[in-house]
Each structure stands twice: as C-alpha cells, then as structure tokens.
2 protein chains.
Amino acid sequence: MKNIRLKDIAEALGLSVSTVSRALSRKGKISVETIRRVEEKAREMGYLPNSIAKGLKTRSTHMVGLLIPDITNPIFPEYAQGILDTASEHGYQIIMLNTYKDRNKERMAILSLLSNQVDGLILTSTKLLRRELMELKSKGVCFVVTRRELRIPGVSFVDVDNFHGGYTATEYLIETGKTRIAFIGSRFSGEPARRRLKGYVKALKDNGLQIREEWIIEDESSFEGGYRATQKVAHDVEAIFAYNDIMAIGALIYAFENHLNVPEELAIVGFDDIPFSSLPIVNLTTMRQPMYEMGKQAFETLTNLMKNQAGAHRIWLKPTLMKRGTA
Amino acid sequence: MKNIRLKDIAEALGLSVSTVSRALSRKGKISVETIRRVEEKAREMGYLPNSIAKGLKTRSTHMVGLLIPDITNPIFPEYAQGILDTASEHGYQIIMLNTYKDRNKERMAILSLLSNQVDGLILTSTKLLRRELMELKSKGVCFVVTRRELRIPGVSFVDVDNFHGGYTATEYLIETGKTRIAFIGSRFSGEPARRRLKGYVKALKDNGLQIREEWIIEDESSFEGGYRATQKVAHDVEAIFAYNDIMAIGALIYAFENHLNVPEELAIVGFDDIPFSSLPIVNLTTMRQPMYEMGKQAFETLTNLMKNQAGAHRIWLKPTLMKRGTA
DNA sequence: TTGTACGCGTTATCAG
DNA sequence: CTGATAACGCGTACAA
C-alpha cells in the first residue's frame with residue numbers, strides 16, 4: 001500500500017500540489033473553503049505528511065540526538081525521561097544511543113546522527129576532547145553538554161553543583177555531631193569526584209576540623225568498592241560521605257555485616273538518590289541529583305539554541321539533601 | 001558552514017554527481033582509480049552523506065521507532081539496552097518514546113514515527129486494540145510486539161513465558177517444603193498476571209495442594225501494595241509468590257518490620273530480577289526475565305521482517321530461577 | 001487566491 | 001566505465 005502524498009489529494013480535488021500544501025500548513029493566502037475541502041479530503045484519504053521530505057526542504061527534521069554513557073546506570077532513566085517528555089512537548093523526537101564512555105563510539109555516533117540531519121545533540125558525560133567540542137561548535141552544530149562542566153565560549157552545559165553537594169552533605173554530618181568523617185569515592189581523576197571532594201574538604205575546614213589523608217579513600221564505583229573502602233576506615237571514623245549511592249550502599253552492607261549501628265556508630269551519606277535508596281530497607285540519607293530536571297533543562301537549553309542561536313547557557317542545578325535513616 | 005554534497009566533490013574532481021555516488025557506494029561498474037580519487041577527495045572535504053535525502057529516494061531511513069511504557073520502570077533499561085545495542089550492530093538508529101500506558105499517546109506516537117518514515121516499530125506492552133494492530137499490519141508497516149502475547153496472523157511478538165515462570169516459582173517453593181503458599185499480584189485483568197497466576201495454580205494442583213481463594217490477593221504494583229497484600233495473608237501462609245519484585249520487596253519489608261524470619265517463617269519469591277533484587281541487603285529469590293535478550297530478539301525479529309518480509313515469529317523466552325536468600 | 005517551476009541531496013535508469 | 005536525466009515528497013518564490 002503506497003502512502004498518500006500531497007499530489008494524490010491534489011488530483012482527487014482538482015487542485016495543484018502547492019495549494020494543498022498551503023492549505024494544510026495554513027500558510028499564505030488561501031480561501032477558507034479550500035482549507036476545509038483539503039482538510040476533509042486529507043482525513044478521508046488518511047494523509048500522513050512525509051516529514052523527511054519536508055526536512056530535506058526545510059533543513060529541519062525535528063529530531064535530536066541523545067548520547068548517554070549507559071542507560072542501565074540507575075541515574076539515567078529519570079534523566080532520559082526528562083528529555084523525552086520535554087522533547088515531546090516541543091514536537092521533537094529523540095534518537096538515543098549508548099556510548100559506553102568510549103570516545104570512539106561517541107565520535108561515530110555523532111557522525112551518524114549528523115548524517116541523519118538531527119537538529120541538535122545532547123551529549124551526556126561526554127569524553128570528547130575540548131578541541132573536538134570546539135570544532136563541533138565551529139561547524140554550527142547545536143549541542144548541549146550535561147554532566148560535564150566546561151568553559152568553552154558559546155558552549156552550553158547543564159550540570160549539578162558537585163562542590164555545593166559535597167559541602168552540604170559534609171556539613172550535615174558535622175551538624176549531627178560527627179567530627180571523624182571519611183570520604184570514599186572513585187575516579188578522583190574525574191571532575192565530579194574532585195568537586196565533591198573539594199566540598200567535603202572545605203566543609204571540614206570551615207568547621208575547624210582537620211583533613212586526614214587516610215580518611216580519603218579511592219576505590220571503584222561499585223558495592224564492592226564501597227565495601228572495601230569502608231573496611232579500611234570504619235574502625236577509625238564515625239561517618240562516611242560516599243561519592244555515590246552505589247558506594248554508600250556498599251558501606252551500608254559493611255555496617256550491616258559487622259553489626260555496626262547506623263547511624264549511631266557509623267553514619268552514611270550518599271550522592272544521587274537512585275530509586276532504591278528510598279526503599280524502606282535501604283533508607284539511605286543522600287544528596288539528591290535532580291536528574292529529571294537536568295534532562296528537562298538540557299532540552300530546553302537546546303531548543304533555545306536551535307531557534308534563536310541564542311548565547312550559551314550555563315546551568316548549575318543544586319542537589320538537595322534527603323534526610324533518611326542512615327545519617 | 002554548508003554541508004558538503006556529492007555535487008561539491010563532483011565539481012572539485014570534474015566528475016558527474018552520479019559517478020561520485022557510485023564510487024562512494026561501490027555500486028555498478030566503476031574504475032578502481034576513480035573510487036580511490038573520489039574517496040580521497042571525500043575524506044579531504046569532510047563529506048558526510050545526507051541520510052535523509054538518501055532515505056527519500058530509497059524509502060529506507062534505517063530508523064526504528066521504540067515505544068516503551070515508561071523507561072524509569074526498572075525492568076526496561078536493560079531491555080532498551082538490548083535493542084539499542086542490536087540496532088547499532090545492524091546500522092539502525094532508535095527513536096524512543098514513552099507512552100505511559102496511554103493508548104492515545106501511543107496512537108499519536110506511531111503516527112509521528114510513521115511520518116518520520118521509520119522502517120519499523122517495536123511496541124512494548126502495547127495497549128492498542130487487536131483491530132488497530134491488524135490495521136497497522138494491513139498497511140504494510142513492519143512491527144514487533146513485546147510483552148504482550150497475541151495471536152494475529154502475520155504479527156510477530158516476543159514475550160516471556162509467564163505461565164512457565166509462575167509454575168517454576170511455585171514448584172520451587174513446594175520443593176523447599178512449603179505447602180501454604182500465597183500469590184500476591186496486581187492487574188489480574190492483564191495477561192502477564194493472569195498467566196503467572198495460572199502457573200501458580202497448576203503447580204499447586206500438580207502437587208496435590210489445594211487452591212485457596214483467600215490466598216490470592218490483588219493489590220497495586222508497588223511496595224505498599226505488596227506490603228498490604230502480605231499483611232492480609234502472612235499470619236496464615238508459609239510462603240509468598242509475588243507477581244513482581246516490587247511487590248516482593250514490599251512483602252520483604254513487611255516481614256522485616258514484623259520480625260519474621262525469611263525464609264524460615266516466610267519464604268518469598270519475586271518475578272523480574274530488577275537490578276536491586278541482587279543487592280546483598282535485598283538478596284531476593286526471583287524469576288529472572290531476560291530483558292536484554294528480549295530486546296535483542298525483538299530487534300532481530302524486526303530486521304528479518306524489514307528485509308525479507310519474512311513470516312511472523314513468535315518467541316517465548318524462559319524466565320530462570322535465581323536462588324538467593326528469601327526462599 | 002491559485003498555479004507553475006524549481007530545488008533540497010541522493011539514487012536509479014538509460015544512453016553513450 | 002561514465003554522464004545526463006528523472007524521480008523521491010514537499011515548500012516556496014514568482015507568475016497568473
């Protein structure tokens with residue numbers, strides 16, 4: 001069954017293709033009567049516009065490419081939701097791809113997306129080099145970066161204020177009376193961890209507490225990593241601020257297995273607020289990252305870019321403390 | 001900066017557009033030397049093919065639409081991953097949309113996707129009426145349905161064998177010595193719940209156990225729902241088979257709060273194996289649905305359809321028992 | 001108010 | 001082996 005084209009409905013009505021086109025898009029001068037007839041016929045024949053043909057002409061496909069490291073990482077579904085919902089409100093479709101934090105995959109994905117003539121790109125935790133992003137920008141590609149803070153003139157990004165989050169979490173632990181506080185984290189080479197760590201350090205200093213190197217532990221981002229890191233310091237500290245909820249839960253498991261009372265003997269604060277942290281059995285106190293909001297803002301920033309070629313936006317979202325049972 | 005077109009590289013080389021096209025696609029007779037020259041020039045000029053113009057001509061965009069009820073439902077990210085990975089292997093892009101189980105949203109989404117000339121559709125847990133699916137089929141649209149078993153001639157689907165899963169879970173509980181076993185579930189009107197329930201009933205019968213209506217509880221699919229349902233039967237049964245992990249965890253919370261030993265006093269088996277069920281603190285015994293595999297199979301079934309217009313495939317995946325701490 | 005003619009970037013057909 | 005030419009479906013100056 002062939003699709004109905006403008007031409008088909010034009011012939012059925014004895015009109016020209018352009019008249020039909022105008023009637024359907026309501027552009028230019030056209031009689032109300034013609035509009036009515038065309039619309040009726042279009043409905044009757046089940047006309048469905050060919051958006052890609054339109055895109056070829058108008059140079060706008062209303063498609064946006066979304067690159068995510070890994071959709072099974074529990075912080076991302078909510079983020080994706082924010083993007084999908086907002087895109088849908090604005091009449092855009094999202095083409096999604098996983099990059100697995102592989103710079104090469106990312107490059108290929110972007111080429112493929114641009115080849116498909118997407119109107120814009122959302123790059124999540126991109127590994128692309130600064131130079132590459134500048135090049136992309138100079139080609140006139142519209143894009144927004146999230147979860148990576150970078151200062152390239154004209155490049156927009158949306159990120160969480162990791163420093164502020166680290167500061168708030170640590171300060172809260174201090175407020176509850178803890179003075180011996182460890183930080184366990186992963187990938188200290190990466191920006192998010194570095195900034196959360198800086199927030200932790202600053203909060204300790206501001207409160208006249210000493211920074212102890214041996215209380216700052218690096219391990220991998222996993223339950224096991226959190227467990228191991230906790231093992232190294234649990235005998236010596238009263239509280240743990242973890243880089244993320246995964247590691248915090250690892251700490252929780254350690255406490256559980258070693259019959260440490262939480263939070264009395266060992267208080268634990270995480271970061272992210274992944275869905276399971278709020279389960280009654282877990283009930284983790286943590287810094288919530290507004291991931292839905294991040295997705296929403298990312299898309300809205302992008303639409304502004306696509307429409308007005310407006311200047312760059314830099315958005316920091318504040319994480320909020322979710323007080324629950326572990327601190 | 002305008003994009004480089006075939007025409008640009010043709011002019012730069014003093015060739016015709018069609019020759020350049022053939023050189024790049026290596027179709028038809030063309031000299032090796034020309035191919036070399038064209039490819040070099042293309043690289044040099046940074047040529048990126050315009051897939052949507054190509055699609056207009058070839059009537060194939062290599063895009064596939066994916067409809068999912070809700071990507072934040074923890075069973076779906078893995079599924080989406082399976083689809084994304086497989087699509088990528090086959091050189092396809094995925095346009096993803098949430099439907100929120102809303103039939104109308106689904107209709108709109110499909111129209112919009114077809115308007116974008118996708119080559120195929122994957123409909124997850126679709127609410128569309130049988131009649132609508134048949135209509136879609138008769139229009140020649142390629143699509144695969146997942147998580148809904150339906151017998152429409154020529155329509156392919158991939159689903160988990162819910163009956164088998166329900167049977168296996170119940171049988172396992174019986175094997176561990178339990179005889180008083182409850183089923184807690186939600187949406188008994190829906191097929192998955194009905195089939196799992198049937199499996200439960202059959203397993204009881206096959207083992208000479210009685211079916212007790214008051215041990216079959218319906219409530220909503222949430223922690224609270226599972227908690228409430230458990231509350232109603234816990235005093236009377238030794239084991240609970242839950243429709244899904246969410247409800248099973250609700251049951252677990254109930255047991256936890258009421259100091260019931262799990263699994264001695266109350267054994268619990270879930271369904272899904274969502275990521276958190278394997279956490280040491282949760283450690284839920286459950287029927288694992290192979291969601292990645294389901295996504296993979298769905299896409300592969302679809303490619304077959306798109307290529308050969310091959311006959312319909314009906315695939316049932318077997319869920320597998322994950323023996324952990326709660327049963 | 002409507003129709004004609006052309007172009008968007010690509011591929012397919014048919015001559016040469 | 002290569003080049004003109006005609007589509008693909010739609011939008012838009014320009015002419016009527």
Side-chain angles (χ1 to χ4, degrees), chain A residues 1-39 41-42 45-63 111-119, chain B residues 1-39 41-42 45-63 91 111-119 140:
Chain A
M1 177 75 94
K2 276 191 60 183
N3 282 334
I4 308 296
R5 305 157 300 167
L6 287 184
K7 189 175 180 191
D8 298 316
I9 114 161
E11 279 169 2
L13 249 35
L15 289 171
S16 78
V17 176
S18 44
T19 305
V20 176
S21 167
R22 273 182 301 236
L24 257 20
S25 62
R26 295 159 178 283
K27 277 190 176 172
K29 317 275 183 186
I30 209 162
S31 83
V32 187
E33 173 56 12
T34 308
I35 293 191
R36 202 195 50 70
R37 283 176 61 214
V38 168
E39 283 187 338
K41 201 67 180 174
M45 300 179 72
Y47 171 69
L48 197 63
N50 183 325
S51 310
I52 102 159
K54 178 188 312 196
L56 186 57
K57 183 69 187 171
T58 63
R59 302 172 164 293
S60 162
T61 55
H62 278 229
M63 297 192 297
L111 284 181
S112 152
L113 253 6
L114 292 180
S115 169
N116 271 26
Q117 311 300 116
V118 295
D119 292 349
Chain B
M1 176 76 91
K2 276 190 58 183
N3 282 335
I4 307 296
R5 303 157 302 166
L6 287 183
K7 190 176 180 189
D8 298 317
I9 113 164
E11 279 168 1
L13 248 35
L15 288 172
S16 78
V17 175
S18 33
T19 303
V20 175
S21 169
R22 272 183 304 237
L24 256 19
S25 62
R26 296 159 177 284
K27 277 189 176 174
K29 319 274 183 187
I30 206 160
S31 82
V32 189
E33 173 57 11
T34 310
I35 294 190
R36 202 196 50 71
R37 283 177 62 214
V38 168
E39 283 187 336
K41 200 68 180 176
M45 299 178 74
Y47 170 70
L48 197 63
N50 183 327
S51 310
I52 104 158
K54 177 187 313 194
L56 185 58
K57 183 70 188 169
T58 62
R59 305 176 158 292
S60 162
T61 54
H62 277 228
M63 297 192 297
L111 284 181
S112 150
L113 252 5
L114 292 180
S115 169
N116 271 19
Q117 312 300 115
V118 294
D119 292 348

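Note that the structure is a prediction, hence the values are computed from the model and not measured. Here is the naming used below: chain letters follow the sequence lines, and residue numbers restart at 1 for every chain.
- Remark: the backbone N or O of A:Gly55 is not paired with any side-chain donor or acceptor of A:Thr61 at under 3.5 angstrom.
- Within a heavy-atom distance below 4.0 Å of DNA chain C, the residues of residues 53-61 of chain A found are A:Leu56, A:Lys57, A:Arg59.
- Within the structure, salt bridge (charged side-chain N to carboxylate O under 4.0 Å, His left out) contacts touching residues 15-30 of chain A (residues at least two apart or in different chains) are A:Arg26-A:Glu39.
- When all heavy atoms are compared, the tightest approach of A:Ile30 to A:Ala23 is CD1-N, 3.4 Å.
- Listed by chain and residue number, B:Leu6 satisfy the side chain to side chain contact (heavy atoms under 4.5 Å, CB included) test with B:Ser21 (two or more places apart in sequence, or in another chain).
- Between the CG atom in B:Asn3 and the CZ atom in A:Arg59 there is a gap of 7.5 Å [rounded to 0.5 Å].
- Partners of A:Lys54 under the salt bridge (Lys or Arg N to Asp or Glu O under 4.0 Å) rule, at least two apart in sequence or in another chain, do not exist in this structure.
- By the side chain to side chain contact (heavy atoms under 4.5 Å, CB included) test, A:Leu111 pairs with B:Leu48, sequence neighbours left out.
- One distance of note links CG of B:Leu114 with CG of B:Asp119; it measures 11.0 Å at 0.5 Å rounding.
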Full working for side-chain contact (heavy atoms from CB on, under 4.5 Å) between B:Val38 and B:Thr19: CA-CA 9 Å; B:Val38 168; B:Thr19 303; 5.6 Å; no
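- Residue B:Ser25 holds its OG atom at 9.0 Å from CD1 of B:Ile35, rounded to the nearest 0.5 Å.
- Boundaries of the chain A contact region on DNA chain D are D:dG9 to D:dA13, first to last in 5' to 3' order (nucleotide atom under 4.0 Å from a heavy atom).
- Residue A:Ile52 is classed as having no contact, given no heavy-atom separation below 4.0 Å to the nucleic acid.
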Enumerate donor-acceptor pairs with a distance under 3.5 Å from any side-chain N or O in residues 7-14 of chain A to protein atoms, sequence neighbours excluded.
{"unit_1": "A:Asp8", "atom_1": "OD1", "unit_2": "A:Arg5", "atom_2": "NH2", "d": "3.0"}
{"unit_1": "A:Asp8", "atom_1": "OD2", "unit_2": "A:Arg5", "atom_2": "N", "d": "2.8"}
{"unit_1": "A:Asp8", "atom_1": "OD2", "unit_2": "A:Arg5", "atom_2": "NE", "d": "3.3"}

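- If you check residues 29-38 of chain A against DNA chain D, you find no residue with a heavy atom closer than 4.0 Å.
- Bounding nucleotides for the chain A contact on DNA chain C, 5' to 3', at a heavy-atom distance below 4.0 Å, are C:dT1 to C:dG9.
- Residues satisfying the side chain to side chain contact (heavy atoms under 4.5 Å, CB included) test with A:Ser31, not counting sequence neighbours, are A:Glu33, A:Thr34.
- If one axis is set at each end of the helix from C:dT1-D:dA16 to C:dG16-D:dC1 from five pairs, those axes are 50° apart, to 10°.
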side-chain hydrogen bond (donor to acceptor under 3.5 Å, both in side chains) between A:Ser16 and A:Ser18, intermediate numbers included: CA-CA 5 Å; A:Ser16 78; A:Ser18 44; 3.1 Å; yes
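- The CD1 atom of A:Ile52 sits 8.0 Å away from the CE atom of A:Met63 when rounded to the nearest 0.5 Å.
- Taking A:Ser112 as the reference, B:Gln93 meet the side chain to side chain contact (heavy atoms under 4.5 Å, CB included) condition, with sequence neighbours excluded.
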